[in-house]
Every structure is written in structure tokens, then in C-alpha cells.
Amino acid sequence: MDLQTQLRQVSQTTLPQIQQTNDLKQLNQIRVSVLGKKGSITAILRGMRDLDPQERPQVGSLANKVRDEITAAIEHQRMVIEQQAMNAALAAEKIDVTLPARPLKRGVPHVINQILDDLEDLFIGMGYQVVDGYEVEDERHNFEMLNIPKNHPARDMQDTFYVKDDILLRTHMSPDEARELEAHDFSKGPLKMISPGRVYRRDTDDATHSHQFFQMEGQVIDKNITMADLKGTLEYAIHHIFGTDRQIRFRPSYFPFTEPSVEVDISCFNCDGKGCPVCKYSGWIEVLGAGMTHPNVLQAAGVDTDVYGGFAFGLGIDRFAMLKYGITDIRDFYLNDVRFLHQFKGGII
Ligand code: DAH
């Protein structure tokens with residue numbers, strides 16, 4: 001049989017075989033057996049050596065044609081087989097759109113952060129800037145500049161963790177007052193700041209004490225600031241957090257960094273001031289400390305007390321959250337139990 005006939009035969013037998021194949025492996029076997037190194041077309045081409053030189057081009061071009069046809073048929077069949085497999089998979093994997101969706105577990109900001117964010121928004125709205133101080137603070141800013149010299153009894157109530165003799169974990173947010181007073185350029189306008197953050201005390205942890213908790217300090221220093229400004233500001237903030245039904249009471253108190261100093265109470269939300277266990281039968285609940293910034297504090301930061309004065313306040317965020325939501329144990333804030341934390345979805349739906 002001459003080579004051209006052999007080539008035509010290969011073509012005639014292989015093409016139907018390819019079309020009948022439903023399997024990629026089998027398709028590959030066909031490819032190897034025809035086009036591979038030991039395949040039938042390769043063998044036929046080897047026979048060209050023995051041909052007349054005139055015959056070779058004809059046989060060569062037929063061989064190319066047959067090879068191209070078979071290659072194209074294999075490629076086509078491969079696509080057919082793959083498409084069939086895809087269709088079969090799609091049919092088998094039908095999605096039941098009526099099944100209920102898996103619930104998406106969405107986190108919520110920590111309740112402490114919710115109160116912080118809320119207060120920040122409120123004070124930013126009144127033109128305050130939010131400042132950020134240092135959790136590891138020096139004694140000078142934490143105590144001395146706030147009119148709490150060494151051996152002052154107020155230091156006893158704020159014993160803390162010392163990193164070095166004069167470097168400590170801040171016991172309150174008031175050091176940021178001193179820092180801002182030192183840094184502020186009063187020719188550019190008043191100083192109105194809040195400073196929220198983590199503070200530390202050497203406390204034994206129980207339901208109402210934690211060695212670490214959150215405070216927010218606020219301070220306004222300008223010309224002609226009076227206690228009426230302090231009162232109006234705090235009333236506005238307290239009504240925002242606890243509701244406008246709350247009565248507010250200013251009670252004389254003592255803080256080294258303010259004079260006069262006050263403690264601020266709200267009428268008990270549980271009994272509306274009649275007296276109950278929540279307010280220890282007094283009708284009032286203490287929510288924060290405040291006062292008119294002591295001249296010693298201003299002078300320690302180089303501020304001219306003949307021209308400038310103002311007020312400051314400090315509030316406990318944990319305490320605010322406990323009062324607002326009736327939480328009875330401060331340690332719940334720090335245990336990271338999602339069953340507790342997820343109760344405070346706040347404004348988030
Ligand atoms: N620094 C005080 C504390 O931690 C809170 C405080 C009270 C801050 C009165 C003030 C203030 O600015 O005027 O107990």
C-alpha cells in the first residue's frame with residue numbers, strides 16, 4: 001500500500017474514533033498512538049526516505065493535512081468532553097435558593113468604645129479637639145504639674161505601677177491637660193480639648209474596681225471662662241448620655257488641680273430621686289469630678305493666669321457604661337466574653 005493510501009486510511013479510521021470518545025484519557029491515547037513519536041503518522045513519514053524525490057512533496061503535504069485534521073478533531077473533542085463534564089456538574093450541583101442563608105456573625109464595637117465614640121462626637125461638635133497622650137507617663141505630668149507634689153496625700157489614692165522611679169503607668173487622664181497647656185499657643189485661640197484613654201491604678205480587682213479602666217478628661221482654657229460654662233457643658237454632655245430627664249447636682253469637693261472643685265451627681269434613674277438601693281437611698285448618683293483649673297496648674301505650664309483661666313473635668317467611661325446599661329461588674333468589660341459584648345449593639349443593626 002502506498003504512503004498516501006496509508007495516510008488516508010489513518011485519517012478515515014482515526015477521525016470517527018475521536019468523535020466517539022467521551023473520555024479525556026482515551027482521547028490522549030489516540031493522540032499518542034497517531035501523532036506521538038511511535039505513532040502511525042510518524043511511522044509513515046519515516047517511510048518517505050524510500051520515496052522518489054518528486055513524490056515527496058505530495059506525500060508530505062498530505063501528511064501535514066492529515067496531521068492537522070486529526071489535531072483539530074482531538075482539540076474539538078476535548079472541548080466537547082469538558083463541556084459535557086461541566087454540564088453534568090452544574091446539573092448535579094443545583095443550588096436550592098429556598099434554603100435559609102447561613103447567619104452572618106457581625107461584630108459590634110466594644111461598649112466602652114461606643115460610649116467613647118459617642119462622647120467624642122458630642123465634644124467635637126462643640127469645637128473640642130481630641131488629644132492622645134501617653135499610657136507610660138512621667139511623674140511630672142501625672143502628679144507634679146497637676147499640683148500634686150511629692151508626699152501629697154492625693155498620691156496615696158492613685159498608687160500605680162512604676163516602670164522606673166519617675167516613670168509610671170498614668171493614673172488618670174489629667175496629665176494630658178498639663179501636656180496640652182504646655183504646648184498650646186494661646187495667640188491662636190482658646191484651648192478646648194478632650195482626652196480619652198486607658199488609666200491604671202494599683203487596685204485589687206472587684207466588682208467596682210479594676211487595675212485598668214477608661215477615663216475621659218476635658219479642659220477649656222480661654223479668657224473669661226466661668227463656672228457657668230462648666231455647668232452648661234457638663235449638663236449638655238450628661239443629658240446626652242443619660243437622658244434629659246436627669247436632674248444634675250453640683251456638690252463641693254476637692255481635687256488638687258481644680259479650685260473650686262465639684263463632684264457632679266445625677267438624679268437616680270432607678271427611683272427618680274426617691275431613694276433606692278441603686279443610689280444607696282440618697283436619690284443621687286455621682287458621675288464625675290470637675291472644677292475651675294487651679295492657678296498652680298496653669299502657672300506650672302507657663303500660662304498667664306492674669307489673662308487665662310478655665311475649667312476641667314474627668315469622667316470614668318466604665319462607670320458611665322455601668323450606669324447607663326445597669327452593668328454590675330466592671331470586670332465584664334475586660335473578659336472578652338462575646339455573650340456579654342453582643343448585648344450592646346448600640347446604633348448598629
Ligand atoms: N483626675 C481625676 C481622677 O482621676 C478626675 C478629675 C476630677 C479630673 C476633677 C478633672 C477634674 O479634670 O477637674 O480621679
Side-chain angles (χ1 to χ4, degrees), residues 116 119 123 128-131 133-135 137-149 152-161 168-182 184 191-203 208-222 225-235 237-238 248-266 286-298 300-301 303 309-320 322-323 330:
L116 277 178
L119 283 169
F123 280 96
Y128 287 60
Q129 54 168 325
V130 182
V131 305
Y134 302 100
E135 283 184 42
E137 187 49 284
D138 57 36
E139 212 173 18
R140 193 165 77 87
H141 289 92
N142 196 81
F143 291 127
E144 252 128 81
M145 288 187 73
L146 296 169
N147 202 27
I148 314 175
H152 192 287
R155 288 209 184 189
D156 283 351
M157 289 184 300
Q158 300 201 0
D159 196 7
T160 182
F161 304 90
L168 44 82
L169 296 188
R170 69 182 171 201
T171 59
H172 51 176
M173 292 309 294
S174 306
D176 286 0
E177 279 186 17
R179 289 192 173 276
E180 291 304 308
L181 280 173
E182 271 180 324
H184 190 71
L191 170 60
K192 292 173 83 178
M193 54 151 270
I194 52 166
S195 179
R198 238 180 245 277
V199 300
Y200 301 83
R201 303 258 171 108
R202 203 192 139 280
D203 257 334
T208 53
H209 294 87
S210 166
H211 61 283
Q212 174 256 285
F213 53 100
F214 282 84
Q215 280 192 343
M216 195 185 87
E217 187 81 13
Q219 172 173 248
V220 173
I221 306 292
D222 196 5
I225 299 287
T226 70
M227 210 155 177
D229 297 309
L230 168 65
K231 207 169 167 228
T233 305
L234 291 180
E235 247 174 33
I238 289 171
I248 295 168
R249 178 173 84 169
F250 282 62
R251 189 161 39 79
S253 184
Y254 171 77
F255 297 105
F257 28 85
T258 44
E259 182 59 36
S261 302
V262 290
E263 265 167 288
V264 182
D265 300 335
I266 57 173
E286 184 201 320
V287 289
L288 58 88
M292 304 310 288
T293 304
H294 198 294
N296 287 356
V297 172
L298 295 170
V303 180
F311 64 78
F313 56 90
L315 53 91
I317 302 294
D318 305 63
R319 185 164 166 74
F320 264 45
M322 288 171 83
L323 290 172
I330 193 171

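For ligands, and for the atoms within them, numbers begin at 1 and follow the listed sequence. Atom set for the values below is all heavy atoms of this structure, side chains included, hydrogens, waters and symmetry mates excluded.
Contact annotation for Gln219 and ligand 1: no heavy atom of the residue comes within less than 4.0 Å of the ligand. With a heavy-atom cut-off of 4.0 Å, Phe311 does not touch ligand 1 at all.
Residues Glu217 and Ser195 bring no donor and acceptor atom of their side chains to less than 3.5 Å of each other.
A heavy-atom separation below 4.0 Å is not found between Met173 and ligand 1.
Proximity to Glu177 (heavy-atom distance under 4.0 Å) selects the following atoms of ligand 1: 12 (O). Annotation for ligand 1: atoms under 4.0 Å from non-hydrogen atoms of Ser174 are 1 (N), 8 (C). Close contacts between ligand 1 and Gln158 involve ligand atoms 3 (C), 4 (O), 14 (O) [criterion: under 4.0 Å to a heavy atom]. Below 4.0 Å from some heavy atom of Gly289 lie the following atoms of ligand 1, by number and element: 7 (C), 9 (C), 11 (C). Of all atoms in ligand 1, listed by their number and element, those nearer than 4.0 Å to a heavy atom of Arg201 are 3 (C), 4 (O), 14 (O). Each of the atoms 3 (C), 4 (O) of ligand 1 lies under 4.0 Å from some heavy atom of Gln215. Heavy-atom contacts of Glu217 reach the following atoms of ligand 1: 8 (C), 10 (C), 12 (O) (cutoff under 4.0 Å). Atoms of ligand 1 lying under 4.0 Å from at least one heavy atom of Gly291, given by number and element, are 13 (O).
Pairing each heavy atom of Ile225 with each of Asp229, the nearest pair is CA-OD2, 3.4 Å. Between Leu230 and Ala290, the shortest heavy-atom distance links the atoms CD1-CB, 4.0 Å. For the residue pair Pro175 and Glu137, the shortest heavy atom distance occurs at CB-OE2, 3.5 Å.
The protein non-hydrogen atom at the shortest distance from atom 11 (C) of ligand 1 is Phe257 CE1, 3.6 Å.
Panel note: side chain Arg170, backbone Arg198; a donor-acceptor pair is recorded below 3.5 Å.
Within 6.0 Å of the CZ atom in Phe250, the count of heavy atoms belonging to other residues, nucleotides or ligands exceeds 12. Surrounding CZ of Arg251 are more than 12 heavy atoms belonging to other residues, nucleotides or ligands, all under 6.0 Å away. Counted within 6.0 Å of NZ on Lys192, heavy atoms from surrounding residues, nucleotides or ligands total more than 12; the atom is thus considered enclosed.
Among Pro175, Gly316, Ser253, Gly314, the residue whose heavy atom sits closest to atom 8 (C) of ligand 1 is Gly314.
Taking distance alone, with nitrogen or oxygen atoms compared against 3.5 Å, Ala312 approaches ligand 1 more closely than that limit. Residue-to-ligand polar distances keep Thr171 apart from ligand 1: every N/O pair is separated by 3.5 Å or more.
For the pair Asp138 and Arg179, the salt-bridge criterion is met [side-chain N within less than 4.0 Å of a carboxylate O].
Ring-centre distance between His172 and Phe257: below the 6.0 Å cut-off.
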